[in-house]
Amino acid sequence: MADFLTKDKRTHYCGNLDISMASQEVILMGWAHRRRDHGGVIFVDLRDREGIVQVVFNPDAGEDVHGEAHKIRSEFVLAVKGKVRKRPEGMDNPALKTGEIEVIVSELEIMNESKTPPFSFDDEEISENVRLKYRYLDLRRPAIQRNLFLRSRLAAATRRYFEENGFIEVETPFLGKSTPEGARDYLVPSRISKGMFYALPQSPQIFKQLLMVSGFDRYYQIVKCFRDEDLRADRQPEFTQIDVEMSFITEEDIMNMMEGLMKAIFKACLDKDIVLPLPRLTYADAISRYGKDNPDVRFGMEIVDLTAIVKDSGFKLFTEVAASGGVIKAIKAEQASALSRKDLDGLKDFVAIYGAKGLAWAKVNAADWTSPIFKFLKPEEVTGIAKALNAKEGDIIFFVADTPRVVSDSLGNLRLNLGKKLNLIDPDALAFTWITEFPLMEYSETEKRFMSTHHPFTSPFLEDLPLMTTDPGKVRAKAYDLVLNGSEIGGGSIRIHNKEVQSQVFSALKLSNEEARLKFGFLLDALEYGAPPHGGLAFGLDRLTMIMTGAESIRDVIAFPKTQKAACLMTDAPSKVSIEQLMELSLKIVS
RNA sequence: GGGGUCGUAGUUAAGUUGGUUAUAACGCCGGCCUGUCACGCCGGAGGGCGUGGGUUCAAGUCCCAUCGGCCCCGCCA
C-alpha cells in the first residue's frame with residue numbers, strides 16, 4: 001500500500017510526462033479535471049500546474065482502487081501510482097500535450113474531496129465578479145497560471161540582469177511621509193502619534209535618490225507602489241514597479257542600460273530578439289505626429305497639420321478656429337471603404353469624448369470628394385489638403401478643428417480606434433519608442449499654476465534655465481518615457497543634484513521655501529552633502545507582463561486584483577472596522 | 001464627479017409590441033455502460049429574473065431609485 005506524501009513522493013508533474021517514460025512507474029498528484037466513467041473502465045484527466053494527463057482505472061486493477069475511483073468528482077485532489085504506457089493504437093489525443101500516453105493506475109488515494117466548483121475551468125467566459133469572488137479557483141485556470149509564471153520569469157530575469165550589472169537591491173519603507181504633488185496618497189493612521197498619518201509610497205522616488213547620495217551608485221528594487229486614483233483596464237491602486245537609479249551618468253547611460261534590460265527580458269521570457277538601439281521621438285514630435293505621448297507606432301496614419309492651408313478657407317468654421325489660435329488637423333484612413341456612413345457618424349460621438357465639437361470627413365473620389373464640407377472648400381484647398389495627406393481615391397480623411405489640445409487628443413485616439421477597426425495593427429510586433437524632451441511643467445487650469453510633468457526633482461535642460469522665469473512651459477526636462485505598442489511601460493529622468501536649481505524649480509511650481517522645507521527638507525539637506533549627479537527610471541512590471549502575455553486587463557496578470565471600485569470581492573476589503581479600532585487611532589467617521 | 005454597458009437556475013445565454021405553470025445548453029444528482037477524451041444513453045432536481053419602490057387587471061419586460069461587474073472621460077507628479 002502506497003504511503004503518499006511521506007514515503008511515496010510525487011515523481012513527476014502530470015503535464016511533463018511523455019512517451020520516453022513509457023513503462024516507468026510514476027506517482028502523480030493533482031486535481032480531477034474531468035472524469036469519464038464507463039461503468040467498467042474509468043478515465044480521469046488529472047491536472048497539475050504543468051498540464052493534464054489521462055489516468056486510467058481498470059476494473060482488473062482490483063476492487064479497492066476501482067471502487068474508490070467511482071467516487072471521484074470534479075476537482076477532487078488525487079494521488080495516484082501507476083505505470084506510464086503508450087496508448088493503444090488509434091487512441092491518441094492530439095489535442096493533449098500528453099495525448100500519446102496514459103497512466104494505468106495501480107493505487108489511488110483521494111486526498112481531499114471538493115464541492116462542485118461554481119464554474120468550469122474551460123475556456124468559457126465567466127463574468128468577472130464570479131471569477132474574482134472565487135479567485136483561488138479562477139487561478140486554477142491554465143491561462144491565468146501561464147501569466148503568473150511569465151511574470152515570475154520576468155522578475156527573475158530582471159534581478160539577474162541588475163545583479164550582473166552591479167546593481168544592489170535595497171528595500172525602502174512603505175510607511176512614509178505624505179507628499180504634495182502627484183497622485184492621491186493612501187493614508188495610514190498612526191496609533192502612537194494621534195492624529196498623524198503615514199502615506200504609502202506612490203513610488204520610492206526620494207529614497208532612491210537618497211541612496212545615491214549615500215553612494216550606492218546603482219540601485220534597483222522590484223517594489224509595490226500605491227496610488228489612490230480611479231482604476232482603468234491597465235491601472236490598479238497597488239501595482240509593481242521595477243525601480244532603478246544610477247549615479248554619475250547621463251540620459252544616454254540610463255537609456256542604454258534599460259535597453260539592455262529590455263533585450264534580456266524579452267530573450268529570457270519570450271525568446272524574442274530586440275534590436276538595439278531603440279528608436280526615439282521627442283515629446284513635441286510624438287504629439288504632433290500621433291497626438292499622444294504614448295504613441296502606438298505599429299502603424300502609420302500620422303496626423304497632418306492643415307491650419308496653414310485652410311486658415312482662409314471658404315469653410316467658416318476652419319477660418320474661425322484658426323483665427324482664435326486653434327488648429328485644423330487631419331488623419332487619413334487608407335482604402336477605408338469598409339467604413340459605412342453609420343460608422344462615420346458614430347466616430348463623431350467617439351471624438352466628442354475628448355472634447356471635439358465635431359468631426360468632418362471626406363471620402364476621396366476620382367474627381368471630387370463625398371463630404372459634408374466639400375461644397376465650402378475652394379478647389380485649391382481641396383488639392384492642397386489632398387497633397388498634404390497624399391490622399392488617393394478610396395481614402396477617407398477625418399478633420400478636427402479645435403484647440404491644439406483637443407485636436408491632438410481626439411485625432412490621437414481616433415487614430416488608435418481606426419487602427420484597431422481597420423486591422424492595421426500587427427499583434428506580434430514589438431514597437432518600442434523612447435519619448436524624450438518632455439516639458440518640465442505644464443500649466444494647470446484647475447490649480448492655476450504650473451505643475452511638474454514628471455516630478456519636482458526632474459532636471460531641466462540647463463540651457464533652458466533662463467526660460468524658467470519668463471516662459472516656464474517652454475523649459476524642457478531631462479525626462480524620458482519608454483513606450484511599447486502604445487503603452488507607457490516606464491519613465492524616468494535625470495534628477496536635480498544642485499540645491500540652487502531645485503529651489504528655482506520649486507519656485508516655478510509656486511512651492512514656497514517654507515512649504516518645500518516642510519515637505520522635502522530632508523532631500524534639500526541631502527543635496528547639500530555632496531549629492532552626485534544621478535538619475536533613474538521605473539518600469540511598470542504589470543503593464544510589461546500584460547504586453548508579454550497579451551492580457552487585455554491588468555487584473556489578468558495580478559494574482560489578487562481589485563475591482564474598479566478598488567474592492568477585493570474575495571476578502572471583501574475594504575471593510576468597516578470596530579469602534580475600538582477607531583478609538584485606538586483617535587479616528588471618527590464623519591460621513 | 002460624469003458618460004456608456006451589463007446583471008434571468010451553479011455557469012453561459014434566450015426571453016417578441018407587458019399576457020397562462022420563465023426557456024436552452026453545459027454543470028449537478030440517480031441509473032446503465034470496459035477505450036473515452038466536450039464519452040454516450042435514460043431519468044431527475046434546481047431559479048421567479050441584483051435590490052427597493054411605482055405604473056398596470058397583469059411587470060425579466062415600462063418608470064424611478066439603489067447596489068454591483070466592466071469600458072471610458074476627468075484624475076493618475
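When reading the values below, keep in mind they use all heavy atoms of this one structure, side chains included, and skip hydrogens, waters and symmetry mates. Quick caveat: nothing in here was measured; it's all calculated off a predicted structure. Protein chains get the first letters and strands the later ones, always in sequence-line order, with residue 1 at the start of each.
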Note to self: As a test of the definition: with a 90° window around 0 for syn, would you call G54(B) syn or anti?
What the structure shows: anti
Check: Within a radius of less than 6.0 Å around CZ of Arg405(A), do more than 12 heavy atoms belonging to other residues, nucleotides or ligands occur?
Finding: no
Next item on the list: Kindly indicate whether the side chain of Arg235(A) and the base of C75(B) share any N or O donor-acceptor pair separated by less than 3.5 Å?
Entry: yes
Checklist line | Charged N-O contact under 4.0 Å between Arg135(A) and Asp138(A) | finding: yes
Next item on the list: Check whether any side-chain N or O of Glu102(A) sits under 3.5 Å from a backbone N or O of Val53(A) as a donor-acceptor pair, and report yes or no.
Entry: no
Show which side-chain atoms of residues 412-421 of chain A pair as donor or acceptor with protein atoms under 3.5 Å away, not counting sequence neighbours.
| from | atom 1 | to | atom 2 | distance (Å) |
| --- | --- | --- | --- | --- |
| Asn413(A) | OD1 | Lys292(A) | NZ | 3.0 |
| Asn413(A) | ND2 | Asp409(A) | O | 2.8 |
| Arg415(A) | NE | Gly300(A) | O | 2.8 |
| Arg415(A) | NE | Met301(A) | O | 3.4 |
| Arg415(A) | NH1 | Asp296(A) | O | 3.3 |
| Arg415(A) | NH2 | Asp296(A) | O | 2.8 |
| Arg415(A) | NH2 | Phe299(A) | O | 2.6 |
| Arg415(A) | NH2 | Gly300(A) | O | 3.0 |

Check: Less than 4.0 Å between a side-chain N and a carboxylate O, is that true for Glu238(A) and Lys562(A)?
Finding: yes
Notebook entry, point to check: Over how many whole Å does the gap from Ile126(A) atom CD1 to A25(B) atom C1' extend?
Noted result: 13 Å
Note to self: Over all strands shown, is Asp92(A) touching base, sugar-phosphate only, or nothing at heavy-atom distances under 4.0 angstrom?
What the structure shows: base
Note to self: Which residues pass the side chain to side chain contact (heavy atoms under 4.5 Å, CB included) test with Asn58(A), not counting sequence neighbours?
What the structure shows: Val41(A), Val56(A), Asp60(A), Ile104(A)
Notebook entry, point to check: Residues two or more places apart in sequence or in another chain: which of them pass side chain to side chain contact (heavy atoms under 4.5 Å, CB included) with Pro439(A)?
Noted result: Tyr283(A), Glu442(A), Thr453(A)
Note to self: Using atom P in both nucleotides, what's the gap between G54(B) and G60(B) to the nearest angstrom?
What the structure shows: 15 Å
Notebook entry, point to check: Can you tell me how far C1' of G3(B) sits from OH of Tyr354(A), to the nearest Å?
Noted result: 12 Å
Next item on the list: Please state how far atom CG in Asn417(A) lies from atom P in C73(B), giving the value in whole angstrom units.
Entry: 12 Å
Next item on the list: Sticking with atom C1', work out how far A59(B) lies from G15(B), rounded to a whole angstrom.
Entry: 14 Å
Output a table of donor-acceptor pairs, distance under 3.5 Å, between side-chain atoms of residues 471-485 of chain A and any protein atom two or more places apart or on a different chain; print 'none' if there are none.
| from | atom 1 | to | atom 2 | distance (Å) |
| --- | --- | --- | --- | --- |
| Arg476(A) | NE | Asp464(A) | OD2 | 2.8 |
| Arg476(A) | NH1 | Glu437(A) | OE1 | 3.3 |
| Arg476(A) | NH2 | Asp464(A) | OD1 | 3.3 |
| Arg476(A) | NH2 | Asp464(A) | OD2 | 3.4 |
| Tyr480(A) | OH | Ser493(A) | N | 3.4 |
| Tyr480(A) | OH | Ser493(A) | O | 3.2 |
| Tyr480(A) | OH | Gly536(A) | O | 3.1 |
| Asn485(A) | OD1 | Ala431(A) | N | 2.8 |
| Asn485(A) | ND2 | Ala429(A) | O | 3.1 |

Item checked: Distance, rounded to the nearest Å, where Asp228(A) contributes CG and C75(B) contributes P -> 16 Å
Check: Taking the side chain of Arg232(A) as heavy atoms from C-beta outward, which of C73(B), U11(B), C76(B) is closest to it?
Finding: C73(B)
Next item on the list: For each nucleotide in nucleotides 26-36 of chain B, reading 5' to 3', give B when a protein heavy atom comes within less than 4.0 Å of its base, S when such contact involves only the sugar-phosphate, and - otherwise.
Entry: --SSS--BBBB
Check: Where does G44(B) land, syn or anti, once you apply the within-90°-of-0 test for syn?
Finding: anti
Notebook entry, point to check: Who is the Watson-Crick or G-U wobble partner of G7(B), with both distances under 3.5 Å?
Noted result: C67(B)
Item checked: Rounded P spacing from C73(B) to U11(B) in Å -> 31 Å
Notebook entry, point to check: How far, in whole Å, is U16(B) from G3(B) if one measures between their C1' atoms?
Noted result: 30 Å
Next item on the list: Find the distance Glu125(A):CD to A13(B):P and express it as a whole number of Å.
Entry: 8 Å
Margin query: Can you measure Asp349(A) atom CG to U5(B) atom C1' for me and round it to whole angstrom units?
Written below: 15 Å
Next item on the list: Just name whichever nucleotide pairs with G43(B), Watson-Crick or G-U, keeping both distances under 3.5 Å, else none.
Entry: C29(B)
Checklist line | Nucleotide of U11(B), C76(B), C37(B) approaching Asn93(A) most closely (side-chain heavy atoms) | finding: C37(B)
Check: With both distances kept under 3.5 Å, what pairs with U61(B), Watson-Crick or G-U wobble?
Finding: none
Note to self: Within the 3.5 Å criterion, strictly below it, is a donor on Gln504(A) or Glu500(A) matched to an acceptor on the partner's side chain?
What the structure shows: no
Notebook entry, point to check: Would you call Arg555(A) and Asp542(A) a salt bridge, taking side-chain N to carboxylate O under 4.0 Å as the test?
Noted result: no
Next item on the list: Take atom CG of Leu96(A) and atom C1' of C39(B), then tell me their distance rounded to the nearest Å.
Entry: 15 Å
Item checked: Spacing of the P atoms in U8(B) and C75(B) (rounded, Å) -> 35 Å
Item checked: Sugar-phosphate or base contact per nucleotide [nucleotides 65-70 of chain B; S, B, -; heavy atom under 4.0 Å] -> ---SSB
Check: Which part of the nucleic acid, if any, lies within reach of Thr453(A) when heavy atoms closer than 4.0 Å are counted: base, sugar-phosphate only, or nothing?
Finding: sugar-phosphate
Next item on the list: Can you tell me, in whole Å, how much space there is between the C1' of C63(B) and that of U55(B)?
Entry: 7 Å
Notebook entry, point to check: When rounded to the nearest Å, what value does the distance between P atoms of A22(B) and C6(B) take?
Noted result: 25 Å
Margin query: How many whole angstroms separate atom CZ of Arg131(A) from atom P of U12(B)?
Written below: 11 Å
Next item on the list: Could you give the distance separating C28(B) and G68(B) at their P atoms, to the nearest angstrom?
Entry: 33 Å
Item checked: Distance-only donor-acceptor check, side chains Gln221(A) and Thr172(A), under 3.5 Å -> yes
